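Note that the coordinates shown come from a computational prediction; the quantities given were computed from them, not determined experimentally. Heavy atoms only: backbone and side chains are in, while hydrogens, waters and symmetry mates are out. As the structure lists them, so they are numbered: ligands from 1, and atoms in each ligand from 1.
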Amino acid sequence: MTTYFRDNVDHMAPYVPGEQPAAGARVIKLNTNENPYPPSPRAMAALREVDADALRRYPQPYAQPLREAAGRALGVDPAWILAGNGSDDLLAMIVLACADRGRKIVYPMPTYVLYRTLADMQAADTVEVPFDEDYTLPVDALLAERGAVTFIASPNSPSGTRFANDRLAALAEGLGRHHGVLVIDEAYADFASHNAMELVARHENVIVLRTFSKGYGLAGLRLGFGVMRPALMAGIDKVKDSYPVDAVACAVGAAAMDDQAYKNACCAKVVASRDRLANALRAMGYTVWPSEANFLLAGTPDGGSAAPTYQALKSRGILVRYFDQDRLRDKLRITVGTEEQNAALVEALRGDTSQ
Ligand SMILES: *Cc1c(COP(=O)(O)O)cnc(C)c1O
């Protein structure tokens with residue numbers, strides 16, 4: 001049968017994002033890992049200062065002010081930073097530049113679903129290596145697949161678990177022997193006790209990705225970046241959009257980066273609430289994985305399907321994430337909200353008779 005589309009596009013499943021209720025809808029939204037706290041006041045001031053001329057002209061192709069702010073905040077060379085329209089955009093660039101039929105995309109499962117979607121778009125071969133129940137990083141099994149690109153989300157979604165730098169370094173080292181790229185997707189690093197940024201300086205084949213969507217409370221802005229050494233930058237740069245970061249995102253993002261104190265304070269509140277919520281869920285019999293992110297993976301007390309609880313919460317105006325996917329049907333991924341939101345969730349779960 002002939003269609004309008006390439007074969008692989010015809011056959012692939014589209015990425016399905018979490019539900020986004022209409023603005024103003026009265027829901028407690030704990031399904032897409034947004035920050036419950038607003039962006040930095042300095043970022044909002046920068047937004048108000050965007051002038052007509054900044055919008056009339058094309059933006060800077062490399063978002064230079066943002067690169068410099070990120071370089072200062074993270075202690076990395078701005079020339080090693082490539083910004084994009086969300087870190088999803090960086091993921092897409094990496095797949096476009098590196099993957100192909102026979103140039104495999106490898107990642108452990110379960111993880112961020114978009115890796116699969118991006119590989120399918122490119123008709124690249126994918127290999128999904130299962131995690132064990134404790135989400136130990138399966139270094140040898142990953143290395144055995146000799147991926148052109150290996151994706152590791154750390155902290156991982158949906159488990160919230162973070163991987164130690166010596167394990168990630170062993171993976172980078174092994175992949176480097178055949179020019180495999182290791183992408184460490186640190187979307188949730190702002191909530192974690194450690195991060196892997198230092199590996200970029202030590203391994204030529206490592207890219208660390210960061211986003212403004214989670215820790216900085218700027219998911220609506222669409223801004224993220226990758227940190228990588230020049231050998232990788234040279235190729236990834238060729239496939240980027242001409243202006244992936246618009247003038248507004250560049251200005252607002254740079255101001256948010258410069259206000260690390262505000263971001264750190266918001267993340268510290270989320271981390272404190274996360275640990276309280278984990279205890280409350282465990283007290284109700286849920287299995288909760290040790291999370292270093294702003295969400296919790298919670299397994300039902302009786303090991304049965306989590307779908308009825310998901311529906312019961314939804315009918316009470318509380319959205320959490322249910323993945324109709326192997327190994328996840330008995331679990332919910334719950335974003336950590338404000339103390340009030342978390343209390344409402346716990347209250348609703350206590351009243352849930354579906355378990
Ligand atoms: C949220 C998330 C992203 C996407 O970040 P954006 O910058 O909003 O595109 C990337 N990776 C993981 C693992 C995420 O959870």
Aromatic centroids of Y188 and F295 separated by under 6.0 Å
yes

Of all residues at least two apart in sequence or in a different chain, which pass the side-chain hydrogen bond (donor to acceptor under 3.5 Å, both in side chains) check with E204?
none

If you measure only the distance, is there a donor-acceptor pair under 3.5 Å linking the side chains of T161 and N156?
no

Applying salt bridge (Lys or Arg N to Asp or Glu O under 4.0 Å) to D166 and not counting sequence neighbours gives none

Are Q60 and V245 close enough that some pair of their side-chain heavy atoms sits under 4.5 Å apart?
no

Name every donor-acceptor pair, under 3.5 Å, that has one atom in a side chain of residues 134-147 and the other anywhere in the protein, sequence neighbours excluded.
from	atom 1	to	atom 2	distance (Å)
T136	OG1	D132	OD1	3.2
T136	OG1	D132	OD2	2.9

For each nitrogen or oxygen atom of ligand 1, which protein N/O atoms lie closer than 3.5 Å, and how far apart are they, rounded to 0.1 Å?
from	atom 1	to	atom 2	distance (Å)
ligand 1	5 (O)	S87	OG	3.0
ligand 1	7 (O)	S87	N	2.6
ligand 1	7 (O)	S87	OG	3.1
ligand 1	7 (O)	T211	OG1	2.5
ligand 1	7 (O)	S213	OG	3.4
ligand 1	8 (O)	S213	OG	2.6
ligand 1	8 (O)	R222	NH1	2.7
ligand 1	8 (O)	R222	NH2	3.4
ligand 1	9 (O)	S87	N	3.2
ligand 1	9 (O)	D88	N	3.0
ligand 1	9 (O)	D88	OD1	3.2
ligand 1	9 (O)	D88	OD2	3.4
ligand 1	9 (O)	R222	NH2	2.8
ligand 1	11 (N)	D185	OD1	3.3
ligand 1	11 (N)	D185	OD2	2.6
ligand 1	15 (O)	Y188	OH	2.5
ligand 1	15 (O)	K214	NZ	3.1

